[in-house]
Protein chains: 2
Amino acid sequence: MTKNYASEISSPLSSNHEDYLKAIYLLETRGQKVTNSALSEYIGFTPASATNMVKKLAQMDLVVYERYQGVTLTDTGRRVALEVLRHHRLLELFLHKTLDIPWDRVHDEAERLEHVISESLEDAIAASLGYPKVDPHGDPIPSKSGEINHTPSLPLSRAETGRTYTLVQVLSHDNERLAYLGTLGLHPDVEIHLQERAPFDGPVLLVVAGVAHALAFEMAGLLQVAPLPAD
Amino acid sequence: MTKNYASEISSPLSSNHEDYLKAIYLLETRGQKVTNSALSEYIGFTPASATNMVKKLAQMDLVVYERYQGVTLTDTGRRVALEVLRHHRLLELFLHKTLDIPWDRVHDEAERLEHVISESLEDAIAASLGYPKVDPHGDPIPSKSGEINHTPSLPLSRAETGRTYTLVQVLSHDNERLAYLGTLGLHPDVEIHLQERAPFDGPVLLVVAGVAHALAFEMAGLLQVAPLPAD
DNA sequence: CCTACAATTTAGCCATGACTAAAAATTACG
DNA sequence: CGTAATTTTTAGTCATGGCTAAATTGTAGG
């Protein structure tokens, strides 16, 4: 299990180290400052444990940490986080496409597998999938060198009525929600016609594959869409 | 990662627990009594560590352990060992067939993956492979209910000269040895004609796919063969 | 600007499971 | 059958990384 980032790092990283780094990355992406309590809530440990771990990550130069001020990834830390995220998303797609595992069940499995696959297995998986760019939820898969490109998109809840969009990304890892959305045919790449929006952030009326559905406002906020090219 | 054996077991098992149980199973299969030092050597820890762990496994009713007398699997312990072994061998075959990973590189990968795949992923893998009976080395894959059938076979080093055999199993996990055997075309299911044997456990002359090779006695001892049905 | 409240960190505890060194039991041989 | 050599276990240490409770720091409102 020689890792790509192995050369840059003093001591080997546990699954937990990797989970923390991944969490910090994802929280940083959300924009706000990453406090230890936000981090602890995200990973499901107590704030004290997060402080503890963050200190260790700082010693390894994976994060910059100043007491009471929150935490930031270093370049090396970001490399690690992106590698884990690459593993995760490649695995999700692989499980979905190669083993027909429904998109609402790939996350938990990938969550464990991501920490134990070797670089060469990662490569083999990427090759067998044709070097894909997004996972089954439309989340971008970082490249081997750590680049990640976010396709421009907007939440369906803010889109214009009367227009047709392509669904590019579903911002949820909640199994039940995903299963529900799946029953409506709402997967990335599907076309959605936005028929009507109730006022005051009310539900949304949309048409997918000729069938009309009502969707709660907050649910529509999870659906990132892009206008059709010729629209 | 709800395990099949979960219902029978008090506390969850770590990867290490599973590795110990698997090792005990494999050593038991070899026939001799499983001492803690044999066990410790097999798994690569000190004898003291093995004693330590064996005590814990005994508390969990996974093994029967009597001081200075070695260790034996209970029925539950054997169930766990066979489940891990099933994971391992299914994964080896899956990596080999689905991702074209050479047979001399599947072992180490499977060694880590076996501890983290869910029962449902195990099922999906087994189904996608058509419920196979053996892994790429010819080792039998235990069934979901814990049955395992050893095809009758004999080591090539004890076979009769002048006859043709089917290679059914290669008893080695050493990467280099496997790679070497692979270059000779020696994979399970291949036909081997045993041409000649040097006396006093000397090398063996055999023909594989029309090509003659000399093989050291000990290497031939790793090749389990069965006589051709009509021979 | 000072106090009260919330967020954060520290201190100290626990379980896990490796290790070494010393003690105890077993085995083997004269 | 008793003693020496070997095997095995025990005792005690360490690192990891979670936890709770207490102390500290930051922040917001009067």
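Below, chains carry the letters A, B, ... as their sequence lines are ordered, and counting in each starts from 1.
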When you compare the side chains of A:Thr151 and A:Ser153, does any donor N or O come within less than 3.5 Å of an acceptor on the partner?
no

Are B:His137 and B:His173 close enough that their ring centres sit under 6.0 Å apart?
yes

Taking all atoms of both residues into account, what is the closest heavy-atom pair of A:Trp103 and A:Pro188, and its distance?
CZ3-CD, 3.7 Å

Quick one: B:Tyr68 OH to C:dT26 P, roughly how many Å, whole number?
7 Å

Between A:Lys22 and A:Glu114, does any NZ, NE, NH1 or NH2 come within less than 4.0 Å of an OD or OE carboxylate oxygen?
yes

Find the distance B:Glu66:CD to C:dA25:P and express it as a whole number of Å.
14 Å

At under 4.0 Å between heavy atoms, how does the protein contact nucleotides 10-21 of chain D? Give one character per nucleotide, 5' to 3', with B, S or -.
B------BBBB-

We want to know whether B:Glu119 and B:His87 form a side-chain donor-acceptor pair, criterion being a heavy-atom distance below 3.5 angstrom.
yes

Restricting to salt bridge (charged side-chain N to carboxylate O under 4.0 Å, His left out), what partner residues turn up for A:Asp108, sequence neighbours left out?
none

Donor-acceptor side-chain pairing of B:Ser118 and B:Ser120 below 3.5 angstrom
yes

Spacing between B:Asp19 atom CG and C:dA18 atom P, to the nearest angstrom
10 Å

Is it the case that the side chains of B:Glu92 and B:His107 hold a donor-acceptor pair, with the cut-off being a distance below 3.5 Å and no angle test?
yes

Does any residue of residues 25-36 of chain A have a heavy atom under 4.0 Å from DNA chain D, and if so, which ones, in number order?
none

